[in-house]
Amino acid sequence: MGQVAFDTLQASEELETAGISREQARAISLVVRKSHEVADVATKADIAEVNRNVADVRKDLSAEIADVRKDIAHRFEKTEAQISDVRKDMQLVHKDLQLEMAGIRSEQKLMRWMLGFGVIGILSLVVKAFVMPVL
């Protein structure tokens, strides 16, 4: 903090003109000056300096906040791009699974037909073996 300006000479002269002796006026002026030196009083200049410091801090914080916002926006865009890539991959996997399922369904149909022909063949053999000799 800055010192409060105190003119001891002027103060002692004013005290002398008020009728106090020169030694007493000097002593009172020195006591007042020392009390000002001991007191930690903020001056207008101190307050102006603090205001400048606060303004600088605000400016720095504003710049940092702007940087953080840009970083968040960039990360958000990057995340959206990654999500889009995952969706595309999922669509490809879905199409692959559909193709595989179609192949499995055709194999199942073929197996059903083969099983059907096998059962018919066995039935025809059973009929031939048991029913035909009787006729």
Side-chain angles (χ1 to χ4, degrees):
M1 295 287 164
Q3 294 295 321
V4 176
F6 181 74
D7 188 356
T8 54
L9 179 61
Q10 181 185 3
S12 63
E13 287 174 355
E14 288 181 17
L15 289 171
E16 283 179 42
T17 56
I20 297 177
S21 70
R22 176 174 251 170
E23 291 80 25
Q24 288 177 335
R26 284 185 185 167
I28 292 171
S29 297
L30 288 175
V31 168
V32 171
R33 186 182 82 196
K34 286 182 182 178
S35 71
H36 284 168
E37 288 174 358
V38 173
D40 199 13
V41 178
T43 63
K44 288 182 181 180
D46 293 332
I47 293 171
E49 182 180 348
V50 168
N51 286 338
R52 282 191 300 274
N53 290 343
V54 168
D56 290 344
V57 168
R58 281 184 179 164
K59 189 185 334 175
D60 292 344
L61 283 176
S62 294
E64 286 185 37
I65 288 170
D67 289 345
V68 167
R69 285 182 176 162
K70 286 178 187 175
D71 187 40
I72 289 171
H74 174 70
R75 290 177 190 264
F76 184 74
E77 290 172 3
K78 191 174 180 182
T79 303
E80 282 184 333
Q82 289 172 344
I83 289 171
S84 176
D85 291 345
V86 168
R87 283 185 178 147
K88 289 176 185 174
D89 290 344
M90 287 175 60
Q91 288 174 348
L92 290 174
V93 167
H94 183 259
K95 286 180 183 177
D96 288 346
L97 285 174
Q98 283 180 332
L99 289 173
E100 263 186 65
M101 291 297 289
I104 290 171
R105 284 187 186 113
S106 346
E107 288 175 9
Q108 283 179 340
K109 255 186 189 175
L110 178 64
M111 290 171 75
R112 280 189 208 136
W113 278 101
M114 289 171 60
L115 182 63
F117 282 125
V119 168
I120 291 173
I122 291 172
L123 283 176
S124 68
L125 288 174
V126 168
V127 168
K128 185 178 183 182
F130 293 109
V131 176
M132 289 304 254
V134 178
L135 293 175

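The analysis underlying the following values was restricted to heavy atoms, covering all of them including side chains, and did not include hydrogens, waters or symmetry mates. If you read the sequence from its start, that first residue is 1, and numbering goes on from there.
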Asker: Enumerate donor-acceptor pairs with a distance under 3.5 Å from any side-chain N or O in residues 88-97 to protein atoms, sequence neighbours excluded.
Answerer:
none

Asker: Show me the side-chain donor-acceptor pairs of residues 111-129 shorter than 3.5 Å, one per line, residues at least two apart or across chains.
Answerer:
from	atom 1	to	atom 2	distance (Å)
S124	OG	I120	O	3.4
S124	OG	G121	O	2.7

Asker: Among D85, T79, V86, whose side chain to side chain contact (heavy atoms under 4.5 Å, CB included) with I83 holds?
Answerer: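 Exactly one pass, corresponding to T79.
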Asker: Hey, what else clusters with V68 if you join Ile, Leu, Val, Met, Phe, Trp, Tyr whenever side-chain heavy atoms sit under 4.5 Å?
Answerer: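 Traced through the cluster, V68 reaches I72.
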Asker: Output every pair passing salt bridge (Lys or Arg N to Asp or Glu O under 4.0 Å) with a member in residues 62-71, not counting sequence neighbours, ordered by first then second residue.
Answerer: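 Qualifying pairs, neighbours excluded: D71-R75.
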Asker: Which atom pairs, one a donor and one an acceptor, fall under 3.5 Å between side chains of residues 53-61 and the rest of the protein, sequence neighbours left out?
Answerer:
none

Asker: Got a sec, which residues hit salt bridge (Lys or Arg N to Asp or Glu O under 4.0 Å) with R105, two or more places apart in sequence or on another chain?
Answerer: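 Residues passing salt bridge (Lys or Arg N to Asp or Glu O under 4.0 Å) with R105: none at all.
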Asker: If you link ILVMFWY side chains whenever their heavy atoms are less than 4.5 Å apart, which other residues fall into the same cluster as I65? By chain and number, please.
Answerer: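 Cluster partners of I65: none, it stands alone.
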Asker: Rounded to the nearest 0.5 Å, how far apart are CG of L15 and OG1 of T17?
Answerer: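 One gets 7.5 Å once the value is rounded to the nearest 0.5 Å.
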Asker: Considering residues at least two apart in sequence or located in another chain, which fulfil the side chain to side chain donor-acceptor pair (under 3.5 Å) criterion with Q10?
Answerer: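 Once residues adjacent in sequence are excluded, the partners of Q10 under the side chain to side chain donor-acceptor pair (under 3.5 Å) criterion are E14.
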Asker: Give the minimum heavy-atom separation between I20 and A25, together with the two atoms involved.
Answerer: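 Result for this residue pair: CG2-N, 3.7 Å.
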Asker: What residues form a side chain to side chain donor-acceptor pair (under 3.5 Å) with E49, not counting sequence neighbours?
Answerer: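 Counting only residues at least two positions away or on another chain, E49 forms no side chain to side chain donor-acceptor pair (under 3.5 Å).
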Asker: Once side chain to side chain donor-acceptor pair (under 3.5 Å) is applied, do any residues pair with S21, and if so which ones, sequence neighbours excluded?
Answerer: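 If we apply the side chain to side chain donor-acceptor pair (under 3.5 Å) test to S21, skipping adjacent residues, the hits are Q24.
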